[in-house]
Amino acid sequence: MHIWKHFSTITRHRHKVIIHCFKAGIFWQGLGHDLSKYSPTEFIPGAKYYLGGKSPNEKERDINGYSRAWLHHQGRNKHHFEYWVDYNTELNRKEPVPMPMRYLIEMFCDRVAASKIYYGRDYDEAKPYEYFDKGRKRRWMHEETSAKLEELLIMLRDKGEKETFSYIKNVLKPEARKNRSGWK
């Protein structure tokens, strides 16, 4: 068990997300980010399967065939696109639905922070996009959500953090609030 290492990793990550959420204009939402990771259902497997350079959910998944911690986490945290799947009565199956903008912004902040934690000194502003692009074929995300997240990750890669967070805070967030898309 790597209790202290896991606690340190998730806490450093959470603090980076809070800082990013502040830059994006959603500070209060950022304060609640990933609190479920401290619950026994998520924390114990995280410490048990701690890997350092990537999510312990991957090791739990390799050993058990699934990650109970991840299922718990994604079902309680609206900043994960996997949360946004619902039953489509016309198709008689589950389908991804568009994420409200406030959670999409938090997801962006989360991905940037995770890249900084896991890449460490090798982090650069292209890493979050590269990770997103690498998983494109296995991801089941609503196309509108995917396109908007990709747009933000490309902006981060090409224009940097300062300009991207300024755009989110001063353009994207006010538009979403005005149109009520994701600020209910």
Side-chain angles (χ1 to χ4, degrees), residues 3 5-51 54-61 64 66-87 94-119 127-129 131-132 134-136 138-150 152-153 156 165 168-169 172-173 176-177 181-184:
I3 295 168
K5 288 180 180 180
H6 179 60
F7 177 81
S8 177
T9 300
I10 64 176
T11 302
R12 282 185 305 120
H13 166 73
R14 186 168 175 279
H15 289 172
K16 284 194 183 304
V17 174
I18 291 168
I19 290 166
H20 293 329
C21 286
F22 175 77
K23 291 178 182 180
I26 58 168
F27 177 71
W28 294 109
Q29 185 174 326
L31 286 178
H33 181 82
D34 275 357
L35 290 175
S36 69
K37 284 188 178 181
Y38 299 94
S39 71
T41 304
E42 294 180 37
F43 189 84
I44 293 169
K48 181 177 179 182
Y49 300 117
Y50 179 80
L51 296 169
K54 58 184 178 178
S55 172
N57 297 333
E58 292 184 33
K59 187 172 180 183
E60 183 185 19
R61 200 173 284 116
N64 300 326
Y66 68 97
S67 171
R68 186 170 176 230
W70 171 247
L71 291 172
H72 185 271
H73 186 74
Q74 58 118 27
R76 284 158 181 77
N77 292 278
K78 296 176 183 180
H79 65 275
H80 288 288
F81 67 87
E82 296 91 345
Y83 179 96
W84 298 96
V85 174
D86 200 3
Y87 190 76
K94 289 183 173 185
E95 291 284 318
V97 297
M99 283 179 78
M101 188 57 65
R102 68 185 304 149
Y103 302 114
L104 193 147
I105 292 169
E106 185 181 353
M107 177 171 58
F108 171 80
C109 294
D110 184 39
R111 285 170 175 264
V112 174
S115 291
K116 288 178 177 180
I117 294 297
Y118 288 128
Y119 286 107
K127 292 287 192 255
Y129 174 75
Y131 185 80
F132 174 83
K134 187 172 71 175
R136 186 180 302 278
R138 66 178 186 270
R139 190 174 38 248
W140 196 41
M141 183 188 301
H142 192 274
E143 66 239 11
E144 288 174 27
T145 299
S146 183
K148 183 50 90 175
L149 178 60
E150 184 170 16
L152 293 173
L153 294 170
L156 173 70
F165 281 115
I168 291 169
K169 184 177 185 175
L172 200 57
K173 180 184 169 194
R177 287 190 109 157
S181 59
W183 249 273
K184 299 172 185 144

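- Minimum interatomic distance between H6 and E42 (heavy atoms only, all atoms of both residues): NE2-O, 4.4 Å.
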Residue pair K116, H20: steps toward the side chain to side chain contact (heavy atoms under 4.5 Å, CB included) verdict: CA-CA 12 Å; K116 288 178 177 180; H20 293 329; 3.0 Å; yes

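- Here the side chains of E150 and Y129 are in contact, with some heavy-atom distance below 4.5 Å.
- Nearest heavy-atom pair across P96 and M141 is CB-C, 3.9 Å.
- Once rounded to the nearest 0.5 Å, the distance linking NZ of K37 with NE2 of H72 reads 13.0 Å.
- The two atoms that bring P40 and P45 nearest to each other are O-CD, 3.6 Å, heavy atoms only.
- Counting non-hydrogen atoms of neighbouring residues, nucleotides and ligands closer than 6.0 angstrom, the NZ atom of K48 reaches no more than 12 such neighbours.
- The side-chain heavy atoms of Y49 and N64, taken from C-beta on, include a pair separated by under 4.5 Å.
- Across T9 and Y50, no two heavy atoms sit closer than the pair OG1-OH, 3.3 Å.
- How far OH of Y131 is from OH of Y118: 8.5 Å, rounded to the nearest 0.5 Å.
- In the displayed structure, F43 atom CZ is contacted under 6.0 Å by more than 12 heavy atoms of other residues, nucleotides or ligands.
- Side-chain contact between I10 and D34 is absent, with no heavy-atom pair separated by less than 4.5 Å.
- Taking the side chain as every heavy atom from C-beta outward, H142 and F81 never approach each other to under 4.5 Å.
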Side chain to side chain donor-acceptor pair (under 3.5 Å) between H13 and D110, intermediate numbers included: CA-CA 8 Å; H13 166 73; D110 184 39; 2.7 Å; yes

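- When every heavy atom of E60 is checked against every heavy atom of S67, the shortest pair comes out as OE1-OG, 2.6 Å.
- Rounding to the nearest 0.5 angstrom, the gap separating the CD atom in Q74 from the NE2 atom in H79 is 11.0 Å.
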Residue pair N57, H73: steps toward the side chain to side chain contact (heavy atoms under 4.5 Å, CB included) verdict: CA-CA 10 Å; N57 297 333; H73 186 74; 5.8 Å; no

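- One distance of note links CZ of R14 with CD1 of I117; it measures 13.0 Å at 0.5 Å rounding.
- In this structure, V112 and L156 have side chains that are in contact, with non-hydrogen atoms separated by less than 4.5 Å.
- Within the 4.5 Å cutoff, side-chain heavy atoms of E58 are placed close to those of R61.
- We find the SG-CD distance between C21 and Q29 to be 6.5 Å, quoted to the nearest 0.5 Å.
- Rounded to the nearest 0.5 angstrom, R102 CZ and R177 CZ are separated by 7.5 Å.
- A ring-centre distance under 6.0 Å is not found for F165 and F22.
- If you run side chain to side chain contact (heavy atoms under 4.5 Å, CB included) between I26 and each of L31, I18, I105, only I105 comes through.
- Within 6.0 Å of the NZ atom in K16, the count of heavy atoms belonging to other residues, nucleotides or ligands does not exceed 12.
- Nearest heavy-atom pair, L153 versus P128, reported as atom, atom and distance to 0.1 Å: CD2-CB, 3.7 Å.
- Heavy atoms of other residues, nucleotides or ligands lying less than 6.0 angstrom from CZ of R68 number 12 at most.
- Taking 4.5 Å as the limit, some side-chain heavy atom of Y103 sits within range of a side-chain heavy atom of W84.
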K78 vs E106, side chain to side chain contact (heavy atoms under 4.5 Å, CB included): CA-CA, chis, key distance, verdict: CA-CA 9 Å; K78 296 176 183 180; E106 185 181 353; over 6 Å; no

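- For the pair R139/F132, a side-chain contact is recorded, criterion being any heavy-atom separation below 4.5 Å from C-beta on.
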